[in-house]
Novice: 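Following this message is one structure expressed as structure tokens.
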Amino acid sequence: MIRRKKRMSLIVPTSSMGDIAFLLIIFFMLASTFMKSGNVQVENPTSDSIEAQESPMVEVIVDADGAIWMGGVVSSVAEVGMACRMQAEQLRESPVHLKVDRNLKRKDYMPVIEAISEAGVKMILTGDKEN
Amino acid sequence: MKKKERREATMDVSSFSDIANLLIIFFILTTSLAHPFGKLLQMPSAATPEDNSQKAPKIPTINLMADRIVYTEGEGAEREITPNELHAELLGKNLHSKPQNDRLVMLEVAEEVAYQRYYEVVTMVSEAGGVVAMIGD
């Protein structure tokens, strides 16, 4: 009688792969930060004289209604100036990013620009690159 | 007596890991790191000492209005200019190679000027290496 050889089955255990994948998803969900300015309505100005910049430490946004947003909170011009002055040491390396709605008039944007510049910090005016 | 066959209620979850992995791959491929675009606004420093020993140089001055731009480099030399001409004029000055004091560009902005127009001019001056000095009211 011929004895049949037992055939070894090669099975890779993949049952834990799903757990690993879900752990990765949970990790990315917890590690990512949401944009604080996601809900602010701003129509970006455009220019072809701008280039890619580092992500900011502090961003000031003046929205379509002229409201000033700093760190996700509506602030006044004086508060922006004071915050910039208080963080001037840290902001020496990382300039303040200023984003202003393209349709606003001088009385809405100039006081903010003046407040930041008077605080003695560097400022980057952000917008969209014109194609 | 014949026993009733017991049916097992099982859910096939073997494809869940595939779905999760596909989701991860999709997000990795579609995510782009948000790089803001902008221009560093060069402003005159209060600490820069004024050099009064020489005759004051003719400082380029831009008078920005809602419908036109007036450019001058001295009294009586005012001329209306288009944004493209202003760009060429500023680039031609080779401000990058000059010391900080000689890179000054005066900018006067009218009340009705929208930020888009101001932004175009200011980034243009910064690109040319100019230091923007605002003329207040």
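Protein chains get the first letters and strands the later ones, always in sequence-line order, with residue 1 at the start of each.
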Novice: Please round to the nearest 0.5 Å and tell me the distance separating atom CD of B/E80 and atom CD of B/E85.
Specialist: 9.5 Å
Novice: Looking at chain B, which one of A/L125, A/D128, A/T126 has the largest number of heavy-atom pairs inside 4.5 Å, strictly under?
Specialist: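 Max contact count across the listed options: A/L125.
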Novice: What part of B/A128 lies closer than 4.5 angstrom to a heavy atom of chain A: side chain, backbone, both or neither?
Specialist: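 For B/A128, there is no contact with chain A at all, as no heavy atom is under 4.5 Å.
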Novice: Considering only NZ, NE, NH1 and NH2 on the basic side and carboxylate oxygens on the acidic side, decide whether B/E112 and A/K105 come within less than 4.0 Å.
Specialist: no
Novice: Using a 4.5 angstrom heavy-atom cutoff, name the option from A/T46, A/D19, A/L98 with the most pairs to chain B.
Specialist: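 Looking at each of A/T46, A/D19, A/L98 in turn, A/T46 comes out on top.
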Novice: For B/I24, is it the side chain, the backbone, both or neither that has a heavy atom under 4.5 Å from a heavy atom of chain A?
Specialist: side chain
Novice: Specify the closest pair of heavy atoms between B/Y115 and A/P45, including all atoms of both residues, with the distance to one decimal.
Specialist: CE2-CG, 3.5 Å
Novice: Given heavy-atom pairs under 4.5 angstrom as the criterion, report whether the side chain, backbone, both or neither of A/E54 touches chain B.
Specialist: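 Contact with chain B is through the backbone of A/E54 alone.
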Novice: Output the option from A/E51, A/K107, A/H97 having the highest count of non-hydrogen pairs under 4.5 Å with chain B.
Specialist: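 The answer is A/E51.
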Novice: Does any backbone or side-chain atom of A/I20 lie under 4.5 Å from a heavy atom of chain B? Answer side chain, backbone, both or neither.
Specialist: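 Neither part; nothing is under 4.5 Å.
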Novice: Could you go through A/V62 and A/L104, starting from their C-alpha distance and side-chain angles, then the distance that decides it, and tell me whether this counts as side-chain contact (heavy atoms from CB on, under 4.5 Å)?
Specialist: CA-CA 9 Å; A/V62 187; A/L104 288 181; 3.3 Å; yes
Novice: Is A/R106 reaching over with its side chain to a backbone N or O of B/V109, donor-acceptor style, under 3.5 angstrom?
Specialist: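 Checking the backbone N and O of B/V109 against the side chain of A/R106, a donor-acceptor pair under 3.5 Å is found.
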Novice: Nearest 0.5 Å, please: how far is NZ in A/K129 from OG in A/S47?
Specialist: 7.0 Å
Novice: Pull out the residues in residues 60-69 of chain B that come under 4.5 Å of chain A, heavy atom to heavy atom, sorted by number.
Specialist: none
Novice: Could you tell me whether B/E120 and A/R102 have a side-chain N and a carboxylate O separated by less than 4.0 Å?
Specialist: no
Novice: Over all heavy atoms of both residues, which pair between A/V80 and A/S75 is shortest? Give the atoms and the distance, please.
Specialist: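 What the structure gives for the nearest pair is CG2-CB, 4.3 Å.
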Novice: Quick one: CD on A/Q53 to CD1 on A/I124, what's the gap to the nearest 0.5 Å?
Specialist: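 Taking CD in A/Q53 and CD1 in A/I124, the distance rounds to 4.0 Å.
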